[in-house]
Amino acid sequence: MADEKITNSIHRAELKGRDLIEVDLASSPPRLKVIGCADLLALVRAIQTQHGVQPGQWPLPKGTSHSELLVKELILRVQGKWKFPYEHLELCHCRRVETEVVDQAIIAGAHRPEEVSRQTSASTACGTCRPDVEKIIQFRLGSS
Ligand code: FES
Ligand SMILES: [Zn+2]
């Protein structure tokens, strides 16, 4: 989502109520907190084993599972390359759907606009917001 940096040293990515990955760069080595499913824990453990404890030096995961999308977000945040493509709080004005709700649905697996609409009711009226939904899907799933 937009910018959830808490301080300059703490970066996090989360699927609210399910998975959280957070790193504090102020401590050395960086303090990493991972809370969530076995999938996320296993992914982070595997990456750490192979690439070390500095999230800024991890390769971006190529897959699109929720765990991979969260790790990718964390890495990009740490690197200062997190550029979320939509900056307003509310994304769909007809249905009053917040950007965060759409983004979280995408992380959780709604990877096509139709799925996002079904799950969040975003872009089910005038359709003006649909390009923004598509932009966020592209941003989350794209290779950047
Ligand atoms: S603004 Fe989303 S459907 Fe109209
Ligand atoms: Zn999970």
Side-chain angles (χ1 to χ4, degrees), residues 1-7 9-25 27 29-79 81-144:
M1 265 290 311
D3 194 1
E4 294 189 319
K5 244 190 245 174
I6 296 160
T7 72
S9 70
I10 296 179
H11 303 270
R12 70 152 59 153
E14 67 183 314
L15 193 47
K16 296 227 158 118
R18 285 177 52 181
D19 297 289
L20 168 79
I21 175 164
E22 184 180 281
V23 65
D24 185 352
L25 299 177
S27 39
R31 186 152 19 90
L32 191 69
K33 185 161 96 183
V34 186
I35 301 169
C37 63
D39 185 61
L40 180 65
L41 297 173
L43 175 66
V44 171
R45 212 170 296 132
I47 294 175
Q48 276 186 312
T49 303
Q50 228 194 319
H51 302 283
V53 295
Q54 303 279 357
Q57 293 170 11
W58 295 350
L60 293 179
K62 301 236 187 299
T64 58
S65 72
H66 72 281
S67 301
E68 288 166 305
L69 296 182
L70 290 174
V71 169
K72 178 173 152 188
E73 176 179 349
L74 185 80
I75 294 168
L76 289 172
R77 284 187 183 280
V78 166
Q79 294 176 340
K81 294 180 186 162
W82 181 250
K83 304 244 156 41
F84 197 79
Y86 186 81
E87 56 199 22
H88 308 287
L89 268 184
E90 187 178 86
L91 184 136
C92 178
H93 310 306
C94 294
R95 302 297 189 200
R96 308 221 152 195
V97 184
E98 291 186 7
T99 308
E100 183 171 48
V101 170
V102 167
D103 185 44
Q104 293 273 299
I106 294 168
I107 297 172
H111 293 172
R112 288 180 303 119
E114 300 73 30
E115 289 174 85
V116 172
S117 293
R118 194 156 0 103
Q119 288 181 26
T120 69
S121 78
S123 31
T124 53
C126 78
T128 310
C129 61
R130 182 161 164 144
D132 296 315
V133 171
E134 287 169 356
K135 245 190 281 173
I136 298 172
I137 293 174
Q138 176 57 39
F139 174 75
R140 279 285 179 188
L141 305 187
S143 54
S144 65

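Since the model is a prediction, treat every value here as computed from it, not as a measurement. First listed ligand is number 1; within each ligand, the first listed atom is number 1.
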Would you say atom 4 (Fe) of ligand 1 has His93 as a near neighbour, meaning an N/O/S atom of that residue under 2.8 Å away?
no
Charged N to carboxylate O below 4.0 Å: is that the case for Glu68 and Lys72?
no
With a cut-off of 2.8 Å, does any N, O or S atom of Asp39 fall short of it relative to the Zn ion (ligand 2)?
no
Taking both backbone and side-chain atoms into account, decide whether Cys129 has an N/O/S atom under 2.8 Å from atom 4 (Fe) of ligand 1.
no
Those atoms of ligand 1 less than 4.0 Å from some heavy atom in Ala125
3 (S)
Given 3.5 Å as the limit, does a donor-acceptor pair link the side chain of His11 with the main chain of Glu22, or not?
no
Please state whether the separation between atom 2 (Fe) of ligand 1 and some N/O/S atom of Cys126 is under 2.8 Å?
no
Which atoms from ligand 1 have a heavy atom of Gly127 less than 4.0 Å away?
3 (S), 4 (Fe)
Kindly determine whether Cys37 and His66 satisfy side chain to side chain contact (heavy atoms under 4.5 Å, CB included), including the steps that lead there.
CA-CA 10 Å; Cys37 63; His66 72 281; 3.4 Å; yes
Pair Arg130 + Glu134, salt bridge at N-O below 4.0 Å
yes
At their closest point, which heavy atom of Pro30 faces which heavy atom of Val53, and how far apart are they?
CG-O, 3.8 Å
Picking from Arg140, Lys83, Arg12, Lys81, what satisfies salt bridge (Lys or Arg N to Asp or Glu O under 4.0 Å) with Glu73?
Arg140
To the nearest 10 degrees, could you say what angle the Zn ion (ligand 2) makes with NE2 of His66 and OD2 of Asp19?
100°
Does Ser123 reach ligand 1, in the sense of a heavy atom lying below 4.0 Å from it?
yes
